[in-house]
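Data first, discussion second: the structure below is written as structure tokens.
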Amino acid sequence: MTDAAYGGSNPDGPPRRVLEVTDLVKHFPVKKGLFGRSAGRVSAVDGVSFTLAAGETLGLVGESGCGKSTLGKTVLRLLPPTAGRILLCGADITSQSDRRLREHRREMQMVFQDPYSSLNPRMSCGDIVAEPLAIYGLVSGREKDDEVSALFERVGLRAEQKSRYPHQLSGGQRQRLSIARALALKPSLIVADEPVSALDVSVQAQVINLLRDLQRDFNLAYLFISHDLAVVEHISHRIAVMYLGKVVELTDKRSLFATPLHPYTEALLSAVPVPDPRAKGDKIILRGDVPSPVNPPSGCAFHTRCPHATDVCRRATPALREVKPAHFAACHLHDPAVSSAA
Ligand code: SF4
């Protein structure tokens with residue numbers, strides 16, 4: 001199956017493709033002893049492929065430790081990939097030098113979970129947003145001030161807050177500031193890593209609505225990483241479910257919530273709280289924790305926790321295949337060749 005097949009469908013013709021990730025792998029060496037002897041590797045991202053179009057949000061979900069944040073950082077080349085290919089707006093950035101990558105960095109920005117630790121506490125809020133404009137020499141003097149004021153207004157901050165420092169803002173305002181900084185260079189792609197997890201629920205909704213408005217106005221592509229399925233459902237067009245470094249299910253959000261195909265997705269969805277005390281749902285309780293990515297289980301990595309696991313699951317790794325139109329899953333239950341042989 002080609003990597004193009006992992007993209008979303010668009011009845012009005014193909015939108016501009018912002019990101020194309022093919023068989024992306026990120027391993028970390030495990031060192032032991034005084035001399036740093038190699039003692040294996042952590043397979044944080046293990047052969048992930050997807051595409052992302054302008055104006056589209058791909059949600060990335062999974063338990064902590066499944067590799068979603070590492071995938072986001074590797075896509076942005078904040079971490080060097082071990083293998084695979086990353087195309088950003090058609091340019092291959094997989095192994096570009098820092099100097100050549102600098103031009104492409106304008107196109108891709110990141111919003112972190114904890115804006116407090118990602119903002120320089122010694123810089124005023126105005127200087128934080130102005131910094132990328134100055135680094136790239138885009139505007140200066142009065143023009144720069146006007147640009148910063150416009151960005152503040154666009155994300156819902158007041159002009160007088162330019163002279164404040166990050167610690168003088170609330171959590172929601174700090175995240176708005178991070179978003180303003182990310183927007184300063186007019187990127188095509190924003191990777192948002194748990195951008196609302198640290199915020200109160202009412203503020204979460206405001207920030208999510210802001211991100212949606214900005215996407216509509218600037219045709220931004222978002223890779224939205226979260227462990228919270230309710231948040232991901234609200235903002236995403238398509239959702240990829242990750243388990244131990246691999247995408248195990250990928251489809252549009254309606255299909256994922258209505259007819260999940262992978263047992264892991266079913267378990268995640270059954271754990272989403274329903275705001276109705278009369279609602280009865282059979283919760284699927286997963287046994288144990290996510291296995292160590294240093295020594296992942298053989299075959300399907302989920303077999304140690306899967307209620308449907310059979311012998312073939314312990315032996316063979318299921319490929320991510322298109323089970324229904326634009327609905328991909330990596331599970332032997334949905335592979336006719338394996339099911340009929342079992
Ligand atoms: Fe469960 Fe087997 Fe499917 Fe893996 S391949 S999710 S173990 S049924």
Side-chain angles (χ1 to χ4, degrees), residues 1-3 5-6 21 23-27 41-50 58-68 70-71 84 225-229 232-233 236 238-272 281-342:
M1 184 167 305
T2 65
D3 52 289
Y6 297 114
V21 173
D23 292 331
L24 193 65
V25 174
K26 178 62 193 170
H27 292 162
R41 66 180 192 206
V42 174
S43 302
V45 176
D46 201 3
V48 170
S49 301
F50 64 87
L58 177 67
L60 200 54
V61 296
E63 291 164 286
S64 68
C66 70
K68 36 188 205 309
T70 303
L71 174 59
I225 299 168
S226 178
H227 68 280
D228 187 336
L229 270 163
V232 167
E233 182 187 15
S236 304
R238 288 183 298 135
I239 298 175
V241 181
M242 274 189 85
Y243 188 78
L244 270 189
K246 290 184 192 294
V247 171
V248 296
E249 187 157 3
L250 172 58
T251 188
D252 64 274
K253 73 171 169 193
R254 268 202 200 95
S255 304
L256 191 94
F257 279 81
T259 54
L261 296 177
H262 197 281
Y264 179 57
T265 311
E266 287 179 354
L268 288 182
L269 291 179
S270 82
V272 174
D282 290 334
K283 291 238 183 304
I284 301 169
I285 310 292
L286 288 177
R287 290 173 282 154
D289 293 324
V290 181
S292 165
V294 179
N295 188 18
S298 59
C300 172
F302 188 56
H303 83 250
T304 53
R305 306 168 83 195
C306 180
H308 308 289
T310 60
D311 272 353
V312 68
C313 303
R314 288 178 263 281
R315 286 196 315 268
T317 306
L320 188 68
R321 46 190 301 285
E322 193 169 16
V323 179
K324 295 186 204 170
H327 193 155
F328 301 84
C331 174
H332 293 314
L333 288 178
H334 301 288
D335 186 342
V338 175
S339 325
S340 59

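Counting starts at 1 for both ligands and their atoms, in listed order.
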Look at the N, O or S atoms of His303, main chain and side chain alike, and state whether any lies under 2.8 Å from atom 2 (Fe) of ligand 1. no
If you measure from atom 2 (Fe) of ligand 1 to every heavy atom of Ala267, Ala316, Cys313, which option wins on shortest distance? Cys313
Taking the six-membered ring for Trp and the full ring for Phe, Tyr or His, determine whether the centres of His262 and Tyr243 are under 6.0 Å apart. no
Starting from atom 4 (Fe) of ligand 1, which protein heavy atom do you reach first, and at what distance in Å? Cys300 SG, 2.4 Å
What residue and atom, counting heavy atoms only, is the protein's closest point to atom 1 (Fe) of ligand 1, and at what distance? Cys306 SG, 2.3 Å
Those atoms of ligand 1 less than 4.0 Å from some heavy atom in Pro263: 6 (S)
Arg314, CZ: over 12 other non-hydrogen atoms inside 6.0 angstrom: yes
Given 3.5 Å as the limit, does a donor-acceptor pair link the side chain of His227 with the main chain of Gly62, or not? no
Less than 4.5 Å apart, any side-chain heavy atom of Leu71 and any of Val48? yes
Suppose I only count heavy atoms of His262 and a 4.0 Å limit; which atoms of ligand 1 are within that range? 6 (S)
Below 4.0 angstrom, N of the basic side chain to O of the carboxylate: do Glu63 and Arg305 qualify? yes
Within the distance-only criterion (no hydrogens, no angle test), does the side chain of His334 pair as donor or acceptor with the backbone N or O of Leu261 below 3.5 angstrom? yes
Run the numbers for me: atoms of ligand 1, each under 4.0 Å from some heavy atom of Phe302, listed by number. 6 (S)
Has Cys331 got an N/O/S atom less than 2.8 Å from atom 3 (Fe) of ligand 1? yes
Tell me, please, if His332 has any N/O/S atom, main chain or side chain, under 2.8 Å from atom 4 (Fe) of ligand 1? no
side-chain hydrogen bond (donor to acceptor under 3.5 Å, both in side chains) with Asp252: which residues, sequence neighbours excluded? Ser255
